[in-house]
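Throughout, numbering of the chain's residues begins at 1 and tracks the sequence. If you're wondering where the values come from, they're calculated on a predicted model, not measured in any experiment. Atoms considered below: every heavy atom in the structure, side chains included; atoms not considered: hydrogens, waters and symmetry mates.
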Amino acid sequence: MTLTQLEIFSRVAQFQGFTSAATRLGISQSAVSHAIRSLEQELGVELFRRHQAQVELTDIGQQLLARARAMLGLAATLEQEAADARGMKRGTLRIGSFGPTSSIRLLPPILAQYRAQYPGIEVHIDEGPDRQVLQWLEERRIDLGFVVLPQERFDSFPLVQDQLLALVPAGHPLAGEPQLSLEQLCQDPFVLTEAGSAELVSRLFIGAGLVPNIRYRCSQLLSTLETVARGDALSIVAQLSLPQGADPRYTSRPLVPAVQRKIGVAVLDRRQSSPATLAFIDLAQGLCSQAKPSILR
């Protein structure tokens with residue numbers, strides 16, 4: 001059994017196909033098939049069920065996948081620690097990011113300084129909803145992820161704090177109010193954005209004993225903004241997720257009572273994190289601490 005076999009096994013499971021995994025790994029499909037077949041013969045179990053172009057994990061395959069990813073994570077940490085001894089001249093860092101808050105506001109300035117300090121570290125970024133970033137962390141697909149805090153099951157590090165805002169069309173009667181309550185947002189159609197604050201927003205309404213009239217669910221913030229701009233619905237979004245340029249078609253108003261949202265980065269286990277990961281966390285915390293006024297504009 002080799003780490004290469006485990007990496008191929010992990011990729012086939014991730015992309016649910018030999019061809020997709022081969023493309024991502026930059027090798028031939030026959031090489032992927034051979035690696036999986038050899039691994040299955042060595043372990044004496046069937047890892048995948050084949051269904052034409054797609055494959056799915058068997059029960060034992062699902063169980064072994066978690067072990068394989070743990071072994072790959074430890075191997076990556078060993079490589080990073082060796083790279084640290086050489087001055088971190090080489091290595092890989094896998095980052096999970098969600099929505100405009102982390103992908104547009106936070107990550108770019110952090111990444112610019114990180115690459116300047118550690119040009120030999122190869123950085124991979126995967127974007128998805130916040131809950132998917134948490135899943136990637138648990139599955140060891142990424143080394144660290146931007147998350148909404150708190151996250152009890154991970155080691156987390158706070159970066160910035162912003163607030164949730166009510167978003168209403170410019171011509172709506174509520175647009176003239178200085179601040180809005182959750183109850184006021186329950187009278188009209190509501191659009192729930194699932195890019196980064198869906199769970200927090202849902203918990204707010206549940207905690208207040210209110211049921212919003214959810215007519216739309218959007219996976220992308222831009223779709224949510226456009227839905228509000230057309231006058232089709234109201235919404236609640238995070239301040240940091242809003243575009244920096246004003247759009248005259250909608251307006252934002254503070255919630256009453258105010259609702260804060262904390263953003264940070266998280267790792268599965270700090271003790272097993274690579275030097276490249278820990279260096280990114282230290283840089284991110286330092287940069288956000290110094291640049292909070294400009295980030296929150």
Side-chain angles (χ1 to χ4, degrees), residues 2-16 20-27 32 65-84 86 88-99 101-149 151 153-157 159 195-196 263-285 287-288:
T2 66
L3 290 174
T4 299
Q5 287 176 315
L6 295 180
E7 175 67 17
I8 292 173
F9 169 44
S10 175
R11 291 297 186 179
V12 172
Q14 178 181 356
F15 296 109
Q16 298 181 319
S20 299
T23 300
R24 183 62 177 262
L25 292 167
I27 60 178
V32 171
L65 177 62
R67 302 294 187 189
R69 284 176 172 158
M71 293 171 68
L72 290 168
L74 290 174
T77 299
L78 288 174
E79 292 176 356
Q80 290 294 332
E81 288 179 347
D84 188 41
R86 301 190 303 269
M88 286 216 308
K89 295 181 179 180
R90 288 187 295 137
T92 302
L93 177 63
R94 303 166 299 170
I95 300 173
S97 180
F98 73 90
T101 299
S102 57
S103 296
I104 297 178
R105 288 291 189 94
L106 300 179
L107 188 54
I110 298 170
L111 201 56
Q113 288 203 19
Y114 187 82
R115 282 174 168 160
Q117 293 187 29
Y118 309 105
I121 301 297
E122 185 176 327
V123 179
H124 298 265
I125 301 171
D126 286 317
E127 292 184 298
D130 53 340
R131 61 180 179 275
Q132 190 168 38
V133 172
L134 298 177
Q135 181 180 342
W136 289 339
L137 278 170
E138 290 181 330
E139 295 176 351
R140 298 180 183 268
R141 294 189 189 183
I142 56 176
D143 300 305
L144 66 88
F146 284 85
V147 298
V148 179
L149 300 177
Q151 294 294 338
R153 62 187 186 276
F154 302 110
D155 289 336
S156 58
F157 309 84
L159 295 180
I263 304 296
V265 289
V267 297
L268 190 60
D269 187 342
R270 180 175 185 171
R271 296 168 299 179
Q272 296 183 9
S273 294
S274 68
T277 301
L278 296 177
F280 183 92
I281 293 171
D282 288 342
L283 191 154
Q285 287 191 301
L287 183 61
C288 288

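- If you take CZ on R131 and CH2 on W136, they are separated by 11.5 Å, rounding to the nearest 0.5 Å.
- Between I110 and C288, the closest side-chain pair of non-hydrogen atoms falls below 4.5 Å.
- Using a 4.5 Å cut-off on side-chain heavy atoms (C-beta onward), L268 and F154 make contact.
- A pairwise comparison of heavy atoms in G145 and V133 identifies CA-CG1, 3.8 Å as the closest pair.
- Rounding to the nearest 0.5 Å gives a distance of 10.0 Å between CG of L159 and OG of S102.
- With a 4.5 Å cut-off on side-chain heavy atoms, I95 and I142 do not count as touching.
- Taking CG of L111 as the reference point, atom CG of L283 lies at 9.5 Å (rounded to 0.5 Å).
- Scored by the salt bridge (Lys or Arg N to Asp or Glu O under 4.0 Å) test, D269 finds R271 as partners (sequence neighbours excluded).
- In this structure, L93 and E122 have side chains that are not in contact, with every pair of non-hydrogen atoms separated by 4.5 Å or more.
- Closest of all the heavy-atom pairs between L287 and Q113 is CD1-NE2, 3.4 Å.
- Of all heavy-atom pairs between L72 and S10, the closest is CD1-CB, 4.0 Å.
- Looking at every heavy atom in both residues, S97 comes nearest to I125 through CB-CG2, 4.3 Å.
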What's the verdict on side-chain contact (heavy atoms from CB on, under 4.5 Å) for L149 and I263, showing C-alpha distance, side-chain angles and the deciding distance? CA-CA 6 Å; L149 300 177; I263 304 296; over 6 Å; no
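- Once rounded to the nearest 0.5 Å, the distance linking CZ of R11 with CD of Q14 reads 5.0 Å.
- No hydrogens or angles considered: a donor-acceptor pair under 3.5 Å links the side chains of E127 and S103.
- One distance of note links CG of L278 with CG of L144; it measures 9.5 Å at 0.5 Å rounding.
- With contacts defined as side-chain heavy-atom distances shorter than 4.5 Å, the pair F146/T101 does not qualify.
- Sorted by first and then second residue, the pairs that involve residues 138-149 and meet salt bridge (charged side-chain N to carboxylate O under 4.0 Å, His left out), not counting sequence neighbours, are R69-E139, R94-D143, E138-R153, E139-R141.
- For the atom pair CD1 (I8) and CG (L3), the distance works out to 11.5 Å, reported to the nearest 0.5 Å.
- Taking both residues in full, the closest heavy atoms of P129 and F98 are given as C-CB, 4.0 Å, listed atom of the first, atom of the second, then distance.
- Counting heavy atoms from C-beta on, the side chains of V123 and Y114 come closer than 4.5 Å.
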